[in-house]
Amino acid sequence: MATNVASKASSQVDLKKIRNIGFIAHIDAGKTTVSERVLFFTGGTYKIGNIDEGTTVMDFMELERERGITIGSAATATEWKGYSINIIDTPGHVDFTAEVERSLRVLDGGVVIIDAVAGVQPQSETVWRQANRHSVPRLVFVNKMDRAGASFLNAVESVARRLDANPVPIQLPIGAESGFLGIIDLVERKAWVYESEEAVEAVEAPIPADMEADVTAYRAHLVEKVAETDEDLLMSYLGDEEISKERLIVALRRATIDLKITPVLCGTALKHRGIQPLLDAVIAYLPSPVDIEAVKGIDPADGSEITRQASPDEPVSVLVFKVVSDQHVGRLVYLRVYSGVLESGATLYNPRSRSRERIGRLLRMHADRREEISSAGPGEIVVAIGLKDAFTGDTLASNADRIILESIEFPEPVLSVSVEPKTRSDQEKMDIALARLADEDPTLRLSTDQESAQVVLAGMGELHLDVIVERMRREFGLDVNVGTPRVAYRETITRVAEAQGRLIRQTGGHGQYGDCTLRLEPLAIGEGVQFESEITGSTLPREYYRPIEQGFREAAANGVLAGYPVTDIKAVLTDGSYHDVDSSEMAFTIASSMAFKAAAQRAGMALLEPIMKIEVITPSEFLGDVLADLNSRRAQVQNMEGHSDTQVVTAFVPLAETFRYATDLRSRTTGRASFVMSLDHYDKAPQSIAALVASGKA
């Protein structure tokens, strides 16, 4: 429920006292639980939400509460010790990795949550790579220190080993498992303990005598690691000078922001332990908007690079990073303000659509609650109402000072299903529902099967598509028939081939004449679709190059082997001819398509299948059964690691072989094994599989 309270103008907010952070991690590491405790201790809520009871603030969708997982990233704002903290709680499941991607694009810092028992898990690696790509400074919070088998030092070691990071503990736990009593702050050399099982506030206590040696050693390690990143501190360290707490904090903050060090903290969110020190660390070590580099963009007029400082005096520039459809107020467009002051009622320019859009109202989100505000300054994350043509990745800027900020790239879908309404009268209703869901989710692709006329949904995995279908039923009251999942294969060529495409049509008036020759060349896997011209001189007017490229790309979108998109291919325009009267762009588009299809027939087409990286965690007694099952699925086992009485198997397996794997794994291991899976790469399918797919029998 929105509260109509207009906040003070954001231009008056001290930018150094703003933190934009996200909680990112593997599924079940405790991101949402940490978020709920943060909101409770900062006064954002008055009752702690519980995932098992379905009472969380951040997981507010009915589906999220039922399944106990985060599906969509939720944003909220809170305060801690005079600092404004914008928080985004992101999903941990690989099928919703796009939510993490767009969140990291607009965040200044992140808190990576690691399970103290499992250490770094597969999705932790994925989100870490995403954070590296966006150069997001991070803290690591080792959660669930109260669980049986918890080991803080093993978790820290896994961060160094599996993430190739430089983790530096700034806390040590006092005890572990059921004996986890508190933490020791290595920066201040102070111990904080929880005096009872129910205590939510820690009290200062003497450092346990049996930990004095560890505290001395790990504090020396901390000082040494920080000194390696700071020349002045290094000289003091080498000179055996006592380094003050204040100097250490300043240098550690700089090293964290420069991605040289990742501070590591610990606690157990479920029992409220370690949350306040985590908040203190967010303020002390993660960057404010003015601590990060000026955002870079492109001038749409001439393509030159321009920058915008995080200052209210700069021209306004904002990035759209999320769109949500609300049945009461329409489209909620999430914005990150990078420069200037955004005011409600302002009109901004959208370079993609080359149109102007008016901000109707501005809101500050508190998960599913809204607070109306009059303006937002640099570094703020807000929601705008009234934007009709703004989509994820769009830049909105002052019309007088236009800029295009770096957009957001999303992975390609790997799985598709066909859907149709159960009654013909629901067709229009389904079209509206899917249009809204695709507006929200850039990884959901809609298309129509030319043969069956069915709508095809392409997404990131079975869970992703299940959630979409379930949302159609719950939010739009729409039941649909869902087809069997289909793998998003790709096609490619294996050798160089060349062919000519000629279109000559004579009609009563102007005819149609287009003639071009294309040479197709295979590229390395992952290089996509490329086009270039080798024509020199006046063989062909340049105005026909674009329609030739368009014809090639349109034809490549529907391959010649089994109708799947062709990728990792380069088309080179080598020759062509034209007619002064009869040539047209349409004629060259068609001729190019003809040339592509003819050359592709000679180029040795091959089928590419998506290969998933799978990690199976199983009790040792079931290892043989798990390996035998993986081998039957054409898997290539890469690694096996033992952890106490469990085994972790890492393998590559074709996506087509993974259907019903969750059910089969449960039955083989009496429900005691688990797995995670993510797309790793595409690779050539065996000839027998390619033949089945081409014949439509796969």
Side-chain angles (χ1 to χ4, degrees), residues 13-25 29 31 34-35 37-39 42 44 58 73-90 92 99-114 124 127-143 159 163 165-168 170-171 187 226 229 249-265 267 274-295 310 319 321 334 336-338 377-381 408:
V13 174
D14 183 355
L15 296 180
K16 292 182 179 179
K17 292 199 168 186
I18 293 178
R19 298 289 183 273
N20 292 314
I21 67 165
F23 292 114
I24 53 179
K31 295 177 304 301
V34 172
S35 301
R37 272 54 181 181
V38 164
L39 289 179
T42 58
M58 301 300 272
S73 53
T76 191
T78 190
E79 289 191 0
W80 179 252
K81 296 184 178 178
Y83 285 76
S84 175
I85 304 177
N86 295 310
I87 299 170
I88 296 183
D89 175 32
T90 63
E99 291 287 338
V100 183
E101 185 71 29
R102 58 175 158 199
S103 299
L104 287 171
R105 171 65 182 82
V106 299
L107 291 172
D108 299 329
V111 177
V112 180
I113 299 169
I114 303 291
S124 307
V127 297
W128 192 272
R129 287 195 299 268
Q130 288 175 298
N132 282 343
R133 194 162 57 247
H134 293 288
S135 300
V136 176
R138 276 144 278 173
L139 306 176
V140 167
F141 181 71
V142 178
N143 191 27
V159 171
L163 302 179
N166 185 20
V168 178
I170 61 172
Q171 294 177 351
V187 176
V226 176
T229 70
I249 289 174
V250 169
L252 179 55
R253 174 182 177 78
R254 191 181 305 117
T256 304
I257 293 173
D258 291 342
L259 306 179
K260 295 176 181 177
I261 280 179
T262 304
V264 185
L265 304 92
I275 301 300
Q276 296 101 320
L278 173 62
L279 283 164
D280 291 338
V282 164
I283 289 168
Y285 306 119
L286 290 183
S288 71
V290 295
D291 292 319
I292 57 175
E293 289 185 5
V295 66
L319 183 75
F321 71 94
Y334 284 70
R336 160 70 193 257
V337 183
Y338 280 97
E380 295 211 57
I381 293 173
I408 308 173

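Along the sequence shown, the residues carry numbers beginning at 1.
A165 is linked by a side chain to side chain contact (heavy atoms under 4.5 Å, CB included) to W128, V159, L163, P167, counting only residues two or more places apart in sequence or in another chain. Every side chain to side chain contact (heavy atoms under 4.5 Å, CB included) that P287 has, sequence neighbours left out, goes to D108, P137, I257, D291, I292. For R133, the salt bridge (charged side-chain N to carboxylate O under 4.0 Å, His left out) partners two or more places apart in sequence, or in a different chain, are E101. Partners of Y338 by side-chain hydrogen bond (donor to acceptor under 3.5 Å, both in side chains), not counting sequence neighbours, listed by chain and number: R105. Residues passing the salt bridge (charged side-chain N to carboxylate O under 4.0 Å, His left out) test with D258, sequence neighbours excluded: none. Residues passing the side-chain hydrogen bond (donor to acceptor under 3.5 Å, both in side chains) test with R138, sequence neighbours excluded: N132.
Of the inter-residue distances, the one linking Q276 atom CD with T42 atom OG1 reads 10.5 Å to the nearest 0.5 angstrom. Atom-to-atom distance recorded for D280:CG and I275:CD1 is 11.5 Å, nearest 0.5 angstrom.
Taking 4.5 Å as the limit, some side-chain heavy atom of L252 sits within range of a side-chain heavy atom of Y285. Looking at heavy atoms from C-beta onward, V34 lies out of side-chain contact with V111 at the 4.5 angstrom threshold. For the pair V168 and V226, the minimum side-chain heavy-atom distance is 4.5 Å or more. Looking only at side-chain heavy atoms (C-beta outward), R129 and S124 stay at 4.5 Å or farther from each other. At a threshold of 4.5 Å between non-hydrogen side-chain atoms, the residues I87 and V38 count as touching. Under the 4.5 Å side-chain criterion, counting only non-hydrogen atoms from C-beta, P277 is in contact with Q171. When side chains are defined from C-beta on, Y83 does not count as touching K16, because their heavy atoms never get closer than 4.5 Å.
Side-chain N or O atoms of R19 include one that pairs as donor or acceptor with a backbone N or O of L286 at under 3.5 Å. Side-chain atoms of N20 do not come within 3.5 Å of backbone N or O of L107 as any donor-acceptor pair. Although no hydrogens or angles enter the test, the distance criterion places a donor-acceptor pair under 3.5 Å between the side chain of R253 and the main chain of A284.
Among T76, I18, I21, the single residue meeting the side chain to side chain contact (heavy atoms under 4.5 Å, CB included) criterion with I85 is I21. Of the listed residues (T229, I261, T262), just one forms a side chain to side chain contact (heavy atoms under 4.5 Å, CB included) with N166, and that residue is I261.
Minimum interatomic distance between G379 and P289 (heavy atoms only, all atoms of both residues): CA-CG, 3.6 Å. Nearest heavy-atom pair, L265 versus A281, reported as atom, atom and distance to 0.1 Å: CD2-CB, 3.6 Å. Across every non-hydrogen atom of S35 and F23, the tightest pair is OG-CD1, 3.1 Å. When all heavy atoms are compared, the tightest approach of L104 to A131 is CD1-N, 3.6 Å. Shown here for V264 and V142, the closest heavy-atom pair between the two residues is CG1-CG2, 3.8 Å.
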Audit row: I408, F321, side chain to side chain contact (heavy atoms under 4.5 Å, CB included) steps and yes/no: CA-CA 8 Å; I408 308 173; F321 71 94; 4.0 Å; yes
